[in-house]
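FYI, the numbering just counts along the sequence from 1.
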Amino acid sequence: MAKPIQLHPKIRERKTPRVAAAALAEFIISAPDRQDDLLHDQRFSSAFVTPKYTEALRAIESFCADVRRPRSVLETTRKALETKEKSETFTPAQREEATRCKELLDTFSLRSNGLSVAGLPLMKPDDLLPMKINGLDVSVWPSLFVGTTYPPREGEKVGMVFIRPQKRPDP
(Lines give C-alpha, C1' and ligand atoms only; values in the text may rest on other atoms or scores of the structure.)
Protein backbone atom coordinates (compact mmCIF):
# COMPACT_ATOMS: atom_id res chain seq x y z
CA MET A 1 0.00 0.00 0.00
CA ALA A 2 1.32 3.44 -0.93
CA LYS A 3 2.20 5.91 1.79
CA PRO A 4 0.56 9.33 1.68
CA ILE A 5 2.78 12.08 0.31
CA GLN A 6 4.50 14.09 3.04
CA LEU A 7 4.36 17.82 2.42
CA HIS A 8 7.23 20.12 3.27
CA PRO A 9 6.67 21.74 6.71
CA LYS A 10 6.27 25.20 5.12
CA ILE A 11 3.53 23.97 2.79
CA ARG A 12 0.07 23.25 4.10
CA GLU A 13 -3.06 21.99 2.41
CA ARG A 14 -6.08 24.25 2.43
CA LYS A 15 -9.14 22.20 3.37
CA THR A 16 -11.50 24.63 1.67
CA PRO A 17 -9.50 26.09 -1.21
CA ARG A 18 -10.68 29.20 -2.96
CA VAL A 19 -9.35 31.04 -5.95
CA ALA A 20 -8.52 34.73 -6.23
CA ALA A 21 -10.21 36.70 -9.00
CA ALA A 22 -6.84 37.35 -10.68
CA ALA A 23 -5.98 33.63 -10.58
CA LEU A 24 -9.42 32.80 -12.01
CA ALA A 25 -8.85 35.24 -14.89
CA GLU A 26 -5.43 33.72 -15.52
CA PHE A 27 -6.93 30.21 -15.34
CA ILE A 28 -9.49 31.07 -18.04
CA ILE A 29 -6.88 32.25 -20.55
CA SER A 30 -4.16 29.70 -19.74
CA ALA A 31 -3.08 26.48 -21.40
CA PRO A 32 -4.05 23.21 -19.63
CA ASP A 33 -0.61 22.73 -18.02
CA ARG A 34 -0.72 26.20 -16.47
CA GLN A 35 -4.33 25.59 -15.36
CA ASP A 36 -3.16 22.52 -13.39
CA ASP A 37 -0.45 24.62 -11.73
CA LEU A 38 -2.95 27.34 -10.80
CA LEU A 39 -5.35 24.83 -9.23
CA HIS A 40 -2.48 23.24 -7.31
CA ASP A 41 -1.33 26.62 -6.02
CA GLN A 42 -4.83 27.41 -4.76
CA ARG A 43 -5.05 24.12 -2.87
CA PHE A 44 -1.58 24.15 -1.31
CA SER A 45 -0.17 27.22 0.35
CA SER A 46 3.53 27.87 0.03
CA ALA A 47 5.92 30.09 1.88
CA PHE A 48 4.88 33.73 2.05
CA VAL A 49 6.09 35.77 -0.89
CA THR A 50 6.75 39.42 -0.11
CA PRO A 51 4.50 41.56 -2.30
CA LYS A 52 6.19 44.09 -4.55
CA TYR A 53 5.45 47.81 -4.94
CA THR A 54 3.63 48.03 -1.57
CA GLU A 55 4.71 51.58 -0.71
CA ALA A 56 3.86 52.90 -4.18
CA LEU A 57 0.51 51.11 -4.25
CA ARG A 58 -0.45 52.51 -0.84
CA ALA A 59 0.35 56.03 -2.06
CA ILE A 60 -1.58 55.56 -5.33
CA GLU A 61 -4.61 54.13 -3.52
CA SER A 62 -4.57 56.99 -0.98
CA PHE A 63 -4.25 59.54 -3.79
CA CYS A 64 -7.14 58.04 -5.77
CA ALA A 65 -9.43 57.50 -2.77
CA ASP A 66 -9.18 61.18 -1.77
CA VAL A 67 -11.67 63.30 -3.72
CA ARG A 68 -9.20 66.22 -3.86
CA ARG A 69 -6.50 64.04 -5.52
CA PRO A 70 -3.65 65.73 -3.61
CA ARG A 71 -0.35 65.35 -5.48
CA SER A 72 1.41 65.89 -2.16
CA VAL A 73 0.65 62.25 -1.23
CA LEU A 74 2.60 61.03 -4.25
CA GLU A 75 5.41 63.56 -3.81
CA THR A 76 5.89 62.77 -0.10
CA THR A 77 6.10 59.06 -0.82
CA ARG A 78 8.45 59.66 -3.74
CA LYS A 79 10.82 61.72 -1.56
CA ALA A 80 10.81 59.03 1.14
CA LEU A 81 11.58 56.38 -1.48
CA GLU A 82 14.37 58.52 -2.91
CA THR A 83 15.92 58.80 0.55
CA LYS A 84 15.58 55.05 1.07
CA GLU A 85 17.10 54.38 -2.35
CA LYS A 86 20.24 56.39 -1.54
CA SER A 87 20.65 55.31 2.09
CA GLU A 88 23.28 52.70 2.95
CA THR A 89 21.36 51.59 6.06
CA PHE A 90 18.94 49.54 3.93
CA THR A 91 19.73 46.23 2.23
CA PRO A 92 20.32 46.17 -1.54
CA ALA A 93 16.94 44.43 -2.01
CA GLN A 94 15.16 47.20 -0.09
CA ARG A 95 16.94 49.89 -2.11
CA GLU A 96 16.02 48.11 -5.35
CA GLU A 97 12.38 47.89 -4.22
CA ALA A 98 12.46 51.64 -3.47
CA THR A 99 13.73 52.26 -7.02
CA ARG A 100 10.93 50.16 -8.51
CA CYS A 101 8.31 51.93 -6.37
CA LYS A 102 9.67 55.33 -7.40
CA GLU A 103 9.48 54.32 -11.09
CA LEU A 104 5.87 53.18 -10.58
CA LEU A 105 4.93 56.50 -8.96
CA ASP A 106 6.56 58.40 -11.83
CA THR A 107 4.73 56.29 -14.41
CA PHE A 108 1.42 56.75 -12.59
CA SER A 109 1.95 60.51 -12.35
CA LEU A 110 2.54 60.72 -16.09
CA ARG A 111 -0.35 58.42 -17.03
CA SER A 112 -3.04 59.35 -14.49
CA ASN A 113 -4.71 61.80 -16.91
CA GLY A 114 -4.87 59.11 -19.58
CA LEU A 115 -6.51 56.80 -17.04
CA SER A 116 -9.15 59.49 -16.30
CA VAL A 117 -8.39 59.29 -12.59
CA ALA A 118 -9.35 62.91 -11.95
CA GLY A 119 -12.98 62.48 -13.00
CA LEU A 120 -13.75 59.07 -11.50
CA PRO A 121 -15.59 58.68 -8.18
CA LEU A 122 -13.05 56.32 -6.56
CA MET A 123 -13.13 55.02 -3.00
CA LYS A 124 -11.27 52.49 -0.87
CA PRO A 125 -13.42 49.38 -0.24
CA ASP A 126 -13.73 47.36 2.94
CA ASP A 127 -12.62 43.73 2.90
CA LEU A 128 -15.05 41.66 0.88
CA LEU A 129 -16.29 38.19 1.72
CA PRO A 130 -15.64 35.42 -0.82
CA MET A 131 -18.28 35.10 -3.53
CA LYS A 132 -19.68 31.81 -4.77
CA ILE A 133 -19.57 31.54 -8.57
CA ASN A 134 -20.96 28.23 -9.83
CA GLY A 135 -19.99 26.54 -6.55
CA LEU A 136 -16.45 27.97 -6.48
CA ASP A 137 -15.37 30.38 -3.75
CA VAL A 138 -13.78 33.39 -5.45
CA SER A 139 -11.92 35.97 -3.38
CA VAL A 140 -11.85 39.51 -4.70
CA TRP A 141 -9.49 42.16 -3.31
CA PRO A 142 -9.94 45.29 -5.41
CA SER A 143 -7.65 48.25 -4.89
CA LEU A 144 -10.50 50.73 -5.38
CA PHE A 145 -14.22 50.88 -6.11
CA VAL A 146 -15.69 53.07 -8.82
CA GLY A 147 -19.13 54.30 -7.82
CA THR A 148 -20.97 57.10 -6.10
CA THR A 149 -21.50 55.36 -2.74
CA TYR A 150 -20.02 52.43 -0.85
CA PRO A 151 -21.65 50.07 -0.23
CA PRO A 152 -23.70 50.66 -3.37
CA ARG A 153 -27.41 51.31 -3.16
CA GLU A 154 -29.82 48.68 -4.46
CA GLY A 155 -29.57 48.42 -8.26
CA GLU A 156 -26.61 50.80 -8.53
CA LYS A 157 -23.73 49.61 -10.66
CA VAL A 158 -20.19 49.80 -9.36
CA GLY A 159 -16.83 48.91 -10.81
CA MET A 160 -13.64 47.59 -9.29
CA VAL A 161 -10.11 48.76 -9.97
CA PHE A 162 -7.23 46.33 -9.62
CA ILE A 163 -3.83 48.00 -9.63
CA ARG A 164 -1.39 45.24 -10.56
CA PRO A 165 1.97 46.50 -11.79
CA GLN A 166 3.97 43.68 -13.34
CA LYS A 167 6.18 42.87 -16.25
CA ARG A 168 4.16 39.96 -17.67
CA PRO A 169 0.77 40.30 -19.40
CA ASP A 170 -2.13 40.85 -17.05
CA PRO A 171 -5.11 38.52 -17.57
Subject >> From CA spacing to verdict: side-chain contact (heavy atoms from CB on, under 4.5 Å), Leu144, Met123 >> reply: CA-CA 6 Å; Leu144 299 161; Met123 58 203 84; over 6 Å; no

Subject >> From CA spacing to verdict: side-chain contact (heavy atoms from CB on, under 4.5 Å), Thr77, Ile60 >> reply: CA-CA 10 Å; Thr77 304; Ile60 291 170; over 6 Å; no

Subject >> Test log, rule side chain to side chain donor-acceptor pair (under 3.5 Å), inputs Thr76 and Arg71 >> reply: CA-CA 9 Å; Thr76 305; Arg71 291 267 177 208; over 6 Å; no

**OP:** Begin from the C-alpha positions of Phe145 and Val161 and carry the test side-chain contact (heavy atoms from CB on, under 4.5 Å) through to its verdict.
**Re:** CA-CA 6 Å; Phe145 264 125; Val161 177; over 6 Å; no

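At least one donor-acceptor pair closer than 3.5 Å links the side chain of Ser143 to the backbone N or O of Ile163. In this structure, Ser116 contributes its side chain and Gly119 its backbone to no donor-acceptor pair below 3.5 Å. Side-chain N or O atoms of Glu61 include none that pairs as donor or acceptor with a backbone N or O of Arg58 at under 3.5 Å.
Remark: Thr99 engages Glu85 in a side-chain hydrogen bond (donor to acceptor under 3.5 Å, both in side chains) (not counting sequence neighbours). In this view, Phe27 satisfies the ring-ring contact (aromatic ring centres under 6.0 Å, His included) rule with no residue, not counting sequence neighbours. Looking at residues two or more places apart in sequence or on another chain, you find no side chain to side chain contact (heavy atoms under 4.5 Å, CB included) involving Thr83. Among residues two or more places apart in sequence or in another chain, the side-chain hydrogen bond (donor to acceptor under 3.5 Å, both in side chains) test is passed with Asp106 by Arg78. Remark: Glu88 engages Arg95 in a side chain to side chain contact (heavy atoms under 4.5 Å, CB included) (not counting sequence neighbours).
Among pairs with a residue in residues 72-96, none fulfils ring pair (Phe, Tyr, Trp, His ring centres under 6.0 Å), at least two apart in sequence or across chains.
Residue Asp66 holds its CG atom at 8.5 Å from OG of Ser72, rounded to the nearest 0.5 Å. Atom CD in Glu75 sits 6.5 Å away from atom OG in Ser109 (nearest 0.5 Å).
A salt bridge links Glu96 to Arg100: one of the charged nitrogens lies within less than 4.0 Å of a carboxylate oxygen. In this structure, Lys84 does not pair ionically with Glu97, as no charged nitrogen and carboxylate oxygen lie closer than 4.0 Å.
Taking all atoms of both residues into account, the shortest heavy-atom contact from Lys102 to Leu81 is N-CD1, 3.8 Å. Among all heavy-atom pairs drawn from Pro142 and Pro125, the shortest one is O-CG, 3.8 Å. Minimum interatomic distance between Thr54 and Cys101 (heavy atoms only, all atoms of both residues): N-SG, 4.4 Å. Closest heavy-atom contact between Cys64 and Leu122: O-CB, 3.5 Å. Between Val73 and Phe63, the shortest heavy-atom contact is CG1-N, 4.2 Å.
Placement of Trp141 and Met160 in two distinct hydrophobic clusters is found when ILVMFWY residues are connected by side-chain heavy-atom separations under 4.5 Å, directly or transitively. In this structure, Leu38 is not a member of the same hydrophobic cluster as Leu24, with clusters built from ILVMFWY side-chain heavy atoms closer than 4.5 Å.
Counting non-hydrogen atoms of neighbouring residues, nucleotides and ligands closer than 6.0 angstrom, the CG atom of Leu110 exceeds 12 such neighbours.
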